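Below you'll find the structure, written out as structure tokens, and then a few comments.
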Amino acid sequence: MPRAAKELDDTVDLAIDTFARCFNDMFPRIVDELFAEAERETDRTRQSRILDAYGLVRSNRDRIEKEFRSSIAEIVRERIAMRPQKNQDYATRTINFDKLALVDDTEIEADIIIRRLVSQLRKTDNPTDEEELRNLDARLSHLLGKSDIPDKENPFSADALARAIEHAFRELATEQEVQLEILRTFESFAAEAFNPAYQKINTHLIDRRVLPDMAAYRRQRVSNGASNAGTTTTAPRA
């Protein structure tokens, strides 16, 4: 196996394991936050939904963690293999407001929550973390033999993580409003929880001397951004 292919396989395995570990480590905080949110809520109907979400998450932890790992593995490997995605990425997906009357309100709300989650996953107040993400994108592009990777094709992007988080709860036997309460909770913790994964993957690639021309990569990103201006609107990369 060529060195680049071996490095890519090893990196994919590491990423899947590390993302799954970060999700598992975050899980107790999600449970605690759901309980705290239920205590704060004054509306009895919503409080009941949050308590249902709390009980559901507590009693299905193993199943949810297994589903997240399975989902992120599938998404990462599909994008590495460059197979076309079934759905447009959340960051660039738009809602057709002319057809809102034909769409269930919970579906619209789910779309909004997931896009907010993507935005939170990209957000960082630490310039070092921001640089870490840019460098990881450059190294991954280098391994894939590309000058740049669009977010919707990036196997380690915020969009990929948001999809996996959504999938982890999709199959639970509960009403969608309860699932939405769970997804809202992730907005507060997701970016902080997954930053260690990006750092670990980046360090892994540095240790294996995957050191592309970072300046050339950044010039390509700027060039691609300029050429796409006015055609699509995407959330800023973190």
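Keep in mind that this is a model prediction, so the values were computed, not measured. Throughout, residue positions are numbered sequentially from 1 according to the sequence presented.
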More than 12 heavy atoms from other groups under 6.0 Å of CD on E192: no

Spacing of NZ belonging to K66 relative to CD1 belonging to I64, to within rounding of 0.5 Å: 13.5 Å

Heavy-atom check, side chain of R139 versus side chain of R208, under 4.5 Å: no

Min side-chain heavy-atom separation L8-L140 under 4.5 Å: yes

Salt bridge present between D13 and R77 (N-O < 4.0 angstrom): yes

From CZ (R79) to CG (L144), nearest 0.5 Å: 12.5 Å

Shortest non-hydrogen contact between L121 and A190, atoms and distance: CD2-CB, 3.4 Å

F19 and I201, any side-chain heavy atoms less than 4.5 Å apart: yes

From T203, I206, N154, N202, residue fulfilling side chain to side chain contact (heavy atoms under 4.5 Å, CB included) relative to L136: N202

Shortest non-hydrogen contact between V118 and A162, atoms and distance: CG2-CB, 3.6 Å

M26 and F186: CA distance, side-chain angles, deciding distance, side-chain contact (heavy atoms from CB on, under 4.5 Å) verdict: CA-CA 9 Å; M26 177 173 48; F186 277 86; 3.4 Å; yes

Taking every non-hydrogen atom, the tightest pair across A168 and E67: CA-CG, 3.5 Å

Check: F156 main-chain N/O paired with Y198 side-chain donor or acceptor under 3.5 Å: yes

Point-to-point distance, once rounded to the nearest 0.5 Å, from CD1 of I30 to OG of S188: 7.5 Å

Any side-chain heavy-atom pair of I165 and F194 under 4.5 Å: yes

Pairs where residues 15-31 contributes a residue and the test side-chain hydrogen bond (donor to acceptor under 3.5 Å, both in side chains) is met, not counting sequence neighbours: D17-R69

NZ/NE/NH1/NH2 to OD/OE distance under 4.0 Å, R49 and E177: no

Interatomic distance, L34 atom CG to E39 atom CD [nearest 0.5 angstrom]: 12.0 Å

Residues R163, D159: salt bridge by 4.0 Å N-O rule: yes

For A197 against C22, the heavy-atom pair lying closest together: CB-SG, 3.7 Å

Min side-chain heavy-atom separation P28-R61 under 4.5 Å: yes

Heavy-atom pair of closest approach, residues I149 and S141: CG1-OG, 3.2 Å

With sequence neighbours excluded, residues passing ring-ring contact (aromatic ring centres under 6.0 Å, His included) with F68: F23

T185 side chain vs E181 backbone, donor-acceptor pair below 3.5 Å: yes

Audit row: H204, V210, side-chain contact (heavy atoms from CB on, under 4.5 Å) steps and yes/no: CA-CA 9 Å; H204 167 85; V210 180; over 6 Å; no

Q47 (side chain) donor-acceptor with A38 (main chain) under 3.5 angstrom: yes

L172 vs R63 side-chain heavy atoms within contact, under 4.5 Å: yes

Common cluster, L180/L51, ILVMFWY with side-chain heavy-atom separation under 4.5 Å: no

Other residues, nucleotides, ligands: >12 heavy atoms within 6.0 Å of R46 CZ: yes

Over 12 non-hydrogen atoms of neighbours within 6.0 angstrom of CZ in R44: no

Distance in Å, E153 CD paired with I80 CD1, rounded so as to fall on 0.5 Å steps: 11.0 Å

Distance (rounded to the nearest 0.5 Å) between L183 CG and Q176 CD: 9.0 Å

Side chain to side chain, V57 and F169, heavy atoms closer than 4.5 Å: yes

Side-chain donor or acceptor of T11 paired with backbone N/O of E7 under 3.5 Å: yes

